[in-house]
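First comes the structure, then the notes that go with it.
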Amino acid sequence: MLNNWHIRLGISLAISALSLQLSAQTLTVQSSTDPSQQITAPDYSAYILTPKAPDTPRINGPKVYGARPKADFIYRIPTTGVRPITFSATGLPKGLKLDKEKGIITGKVKKAGTYHVTLKAENALGSYEKDFRIVIGDKIALTPPLGWNSWNCWGKNVSQELIESSAEAMVESGLADYGWSYVNIDDGWQGVRGGKYNAIQPNRKFPDMKALADAIHSKGLKFGIYSGPWVSTYASHIGSSCDNPEGTYFWIEKGWVDENMRLDRTKLGKEEIRYFGKYSFAKQDARQWADWGVDYLKYDWNPNDEWWMRDMKEALDATGRDIVYSISNSSRISMGPVLVKYADCWRTTGDIRDTWESMSTIGFTGQDKWAGYREVGKWPDADMLVLGKVGWGRKDHWTELTPDEQFTHISLWAILASPMLLGCDMAMLDDFTLSLLCNNEVLDVNQDPLGIQGTRHEYTDSTITYVKPLEDGSLAVGLFNISETPQTMGFTCHKLGLLGNQTVRDLWRQKDIAKIAQKERWETVVAPHGVVLLRLYPGNSGEKLEGDWR
């Protein structure tokens, strides 16, 4: 930890973007796409702010979880602490059972309703209890999905082995103990149509999809997949429509593909097969995915339209399986009512890159317009997290975001209530990256059950203040410096709409740093491209006011 960050009444999150001439730590991994290339993680240990989790049990993750009646239910209780840990739960609805050693709840609930459950975790050093709501109804994804997607790291080179290793790393790294749960294959898995439903079958890189799903589920994690409604996907594999009812594709019949059934682009231009086919195979594909055990679908095309969106939605619903339906990409605000009706998540932007320009433009200029369409179970998606080792299957490298910019990235996605899907090499998670992803108080802002999107309260050319009301009445506040020089930022509780004295809590350091009166101004210096993420509590208590509070 750095001891000289206490400036004025607050705490800055970082020294400066100019001080990044840091030595390399020993975490070095050989690239999967270029065996001669080795990637070394920079040593950002001096920037770690998140305290180490206690050895006693602590149940992390959301306070609420949704499923549909009669659908398969799986929930891993995200818990830190020294193993072994014994789990118990009181109030579970009929049809659910808990594995007391693994902490995984499974089963099916027939009756709709809200069930109030008490989760308990106990080890040799202590115990922990948490109130938890299970809502069986017509919505799933009652908090923004947290997980991992293969594209930003592996690109079209993804394989079953890499997916299995990523799922294992999600558990071994401790991410699963904080609620990270989705392990999603992006483009690159598709072969030809066939099987029981004449659905898309996997190519040779994925020899057994059902076994892969079962392995992921055995860890209490969720399994995701990718497709799109064109006859081809962006990576030039077959999609969920076709020009003929047999489900055959002319470029495959002509042999214009490689060994993994991907179009040879020297034979045919990729743009020539990016169109909607005459026949939809959404029903066939959805039934196959349900049989495999898919929990999440990324459905990718542009521009998104209502007919094809509804087509796949109806196909997914008909399977009876809970499959989070995530629309991609670059959704238009005029489609907001349609997206809310049919999708669980939708991409608000094109593909993110690991630069300040890309991340900050997407986060600060592209999201506020979606606040009116965000609600519980409906999540505008600012795209994947560009942390750790990325490369899109081409040239592996460490993220170009500075430590301050990475704090901004996570803080902003948290306060926006955006889905958060990692895109890095899960086998190469350094301590700094893990500290960004394993802060339960920061994740609680993202996973708050109210589901409100934080929005701008004040802004200048150099600074932006975001506020986000939380379920317990407290207020999350993000002070973002978008300039190249340190900026003094602050607020008064009165102008934030808070009545009475408040405690200021630094969420990254997980410590209370000030107590302030209603009209007292609190200030801190924020580093260039940095953030100070706070929670003000108790917020508005709802108690009767007496006297003059104007």
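The analysis underlying the following values was restricted to heavy atoms, covering all of them including side chains, and did not include hydrogens, waters or symmetry mates.
In terms of modelled atom types and a separation under 3.5 Å, the side chain of Asp396 and the main chain of Gly391 share no donor-acceptor contact. Remark: the backbone N or O of Glu164 is not paired with any side-chain donor or acceptor of Ser166 at under 3.5 angstrom. Using a distance-only test at 3.5 Å, with no hydrogens or angles considered, a donor-acceptor pair links the side chain of Gln502 to the main chain of Gly539. Here the side chain of Trp379 pairs a donor or acceptor atom with the backbone of Ala141 at under 3.5 angstrom. Between the side chain of Asp444 and the backbone N or O of Pro62 there is no donor-acceptor pair closer than 3.5 Å. A donor-acceptor pair under 3.5 Å is absent between the side-chain atoms of Asn152 and the main chain of Trp392, judged by distance alone. Panel note: side chain Asp131, backbone Lys63; no donor-acceptor pair is recorded below 3.5 Å. With hydrogens and angles ignored, the 3.5 Å screen pairs no side-chain donor or acceptor of Lys389 with any backbone N or O of Thr399.
Judged by distance alone, the side chains of Gln367 and Ser418 never bring a donor and an acceptor atom under 3.5 Å apart. Between the side chains of Gln447 and Thr143, at least one donor N or O sits under 3.5 Å from an acceptor N or O. A donor-acceptor contact closer than 3.5 angstrom is absent between the side chains of Ser358 and Arg353. Between the side chains of Thr40 and Trp398, no donor-acceptor pair is found at a separation under 3.5 Å. Between the side chains of Asp177 and Asn60, not a single donor N or O lies within less than 3.5 Å of an accepting N or O. A side-chain donor from one of Tyr296 and Ser326 sits under 3.5 Å from a side-chain acceptor of the other. Using modelled atom types, one finds a donor on one side chain and an acceptor on the other under 3.5 Å when comparing Asn440 with Gln510. Side chains of Tyr226 and Asp300: a donor-acceptor N/O pair is present below 3.5 angstrom, by distance only. Counted by atom type alone, Asp512 and Tyr537 present one or more donor-acceptor pairs between their side chains at under 3.5 Å. Side-chain contact check for His217 and Asp295: at least one donor-acceptor pair (N or O, by modelled atom type) lies under 3.5 Å. Asp381 and Trp346 form no side-chain donor-acceptor contact under 3.5 Å, judged by distance and modelled atom types alone. With no hydrogens or angles considered, a side-chain donor-acceptor pair links Gln487 and Ser483 at under 3.5 Å. Between Lys515 and Thr503, the side chains place a donor N or O and an acceptor N or O closer than 3.5 Å (distance only, hydrogens not considered). Side-chain contact check for Asp186 and Ser150: no donor-acceptor pair (N or O, by modelled atom type) lies under 3.5 Å.
Nearest heavy atoms, Arg374 versus Leu416: CZ-O, 2.9 Å. Nearest heavy atom pair, residue Pro51 against residue Trp508, reads CD-O, 3.8 Å. Contact record, Leu297 with Ile323: N-CG2, 3.8 Å, taken as the closest heavy-atom pair. Across Asp351 and Arg347, no two heavy atoms sit closer than the pair OD1-NH2, 2.9 Å. The two residues Cys438 and Tyr178 come nearest to each other via the heavy atoms O-CE2, 3.1 Å. Here the closest non-hydrogen pair linking Glu471 and Arg133 is OE2-NH2, 3.3 Å.
Annotation: side chain of Tyr182 is in contact with side chain of Val324 (closest heavy-atom distance under 4.5 Å). Between Val158 and Trp151, every side-chain heavy-atom pair lies at or beyond the 4.5 Å cut-off. Asp208 has its side chain within reach of Gln160: a pair of non-hydrogen atoms, C-beta onward, lies under 4.5 Å apart. Taking the side chain as every heavy atom from C-beta outward, Ile225 and Lys298 never approach each other to under 4.5 Å. Side-chain contact check for Asp214 versus Ile216: every heavy-atom pair is 4.5 Å or farther apart. Between Val183 and Lys222 the shortest side-chain heavy-atom distance does not fall below 4.5 Å. Side-chain contact between Tyr128 and Pro54 is absent, with no heavy-atom pair separated by less than 4.5 Å.
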Start with the C-alpha distance between Asn149 and Ile185, add both sets of side-chain angles, then the distance that settles side chain to side chain contact (heavy atoms under 4.5 Å, CB included), and finish with yes or no. CA-CA 6 Å; Asn149 175 287; Ile185 310 171; over 6 Å; no
Met359/Asp354 under side chain to side chain contact (heavy atoms under 4.5 Å, CB included): CA gap, chis, key distance, verdict: CA-CA 7 Å; Met359 182 273 289; Asp354 57 319; over 6 Å; no
Worked verdict on Tyr75 versus Ile104 for side chain to side chain contact (heavy atoms under 4.5 Å, CB included): CA-CA 6 Å; Tyr75 182 76; Ile104 300 174; over 6 Å; no
Tyr234 vs Asn329, test: side-chain hydrogen bond (donor to acceptor under 3.5 Å, both in side chains). Steps then yes/no. CA-CA 11 Å; Tyr234 280 96; Asn329 62 82; 3.2 Å; yes
For salt bridge (Lys or Arg N to Asp or Glu O under 4.0 Å), just list the numbers for Asp187 and Lys156, CA-CA rounded to whole Å, side-chain angles, deciding distance to a tenth of an Å, and then say yes or no. CA-CA 6 Å; Asp187 211 346; Lys156 62 182 176 59; over 6 Å; no
Go through Leu479 and Thr463 one step at a time and tell me if the side chain to side chain contact (heavy atoms under 4.5 Å, CB included) criterion holds. CA-CA 7 Å; Leu479 306 177; Thr463 63; over 6 Å; no
Is there a salt bridge (Lys or Arg N to Asp or Glu O under 4.0 Å) between Arg58 and Glu441? Walk through the geometry before answering. CA-CA 12 Å; Arg58 185 182 69 200; Glu441 295 190 25; over 6 Å; no
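With rounding to the nearest 0.5 Å, the separation of CE in Met170 from CG in Leu146 is 9.0 Å. Atom CD1 of residue Ile48 and atom CG of residue Leu434 lie 8.5 Å apart, to the nearest 0.5 angstrom. Within the model, atoms CD1 of Ile74 and NZ of Lys219 stand 11.0 Å from one another, a figure rounded to the nearest 0.5 Å. Here Leu422 contributes atom CG and Leu175 contributes atom CG; the two are 6.5 Å apart, rounded to the nearest 0.5 Å.
Other residues, nucleotides and ligands place more than 12 heavy atoms under 6.0 Å from the CD atom of Glu375. Within 6.0 Å of CD on Glu161 lie no more than 12 heavy atoms contributed by other residues, nucleotides or ligands.
With ring centers used as reference points, Trp522 lies under 6.0 Å from Phe491. Ring centers of Tyr65 and Phe73: under 6.0 Å apart, within the cut-off.
At least one cation-pi condition fails for Arg76 and Trp180: the charged atom is not both under 6.0 angstrom from the six-membered ring centre and inside a 45 degree cone around its axis.
Among Asp472, Asp448, Asp506, the single residue meeting the salt bridge (charged side-chain N to carboxylate O under 4.0 Å, His left out) criterion with Arg535 is Asp472.
Residues Glu458 and Arg456 are not paired through a salt bridge, judged by the lack of any N-O separation under 4.0 Å between the basic side chain and the carboxylate.
The aromatic rings of Phe364 and Phe480 lie perpendicular to each other, with more than 60° between the two planes, well past the 30° mark. Between His529 and Trp356, the angle of the ring planes stays under 30°, which puts this pair in the parallel group of the 30/60° scheme.
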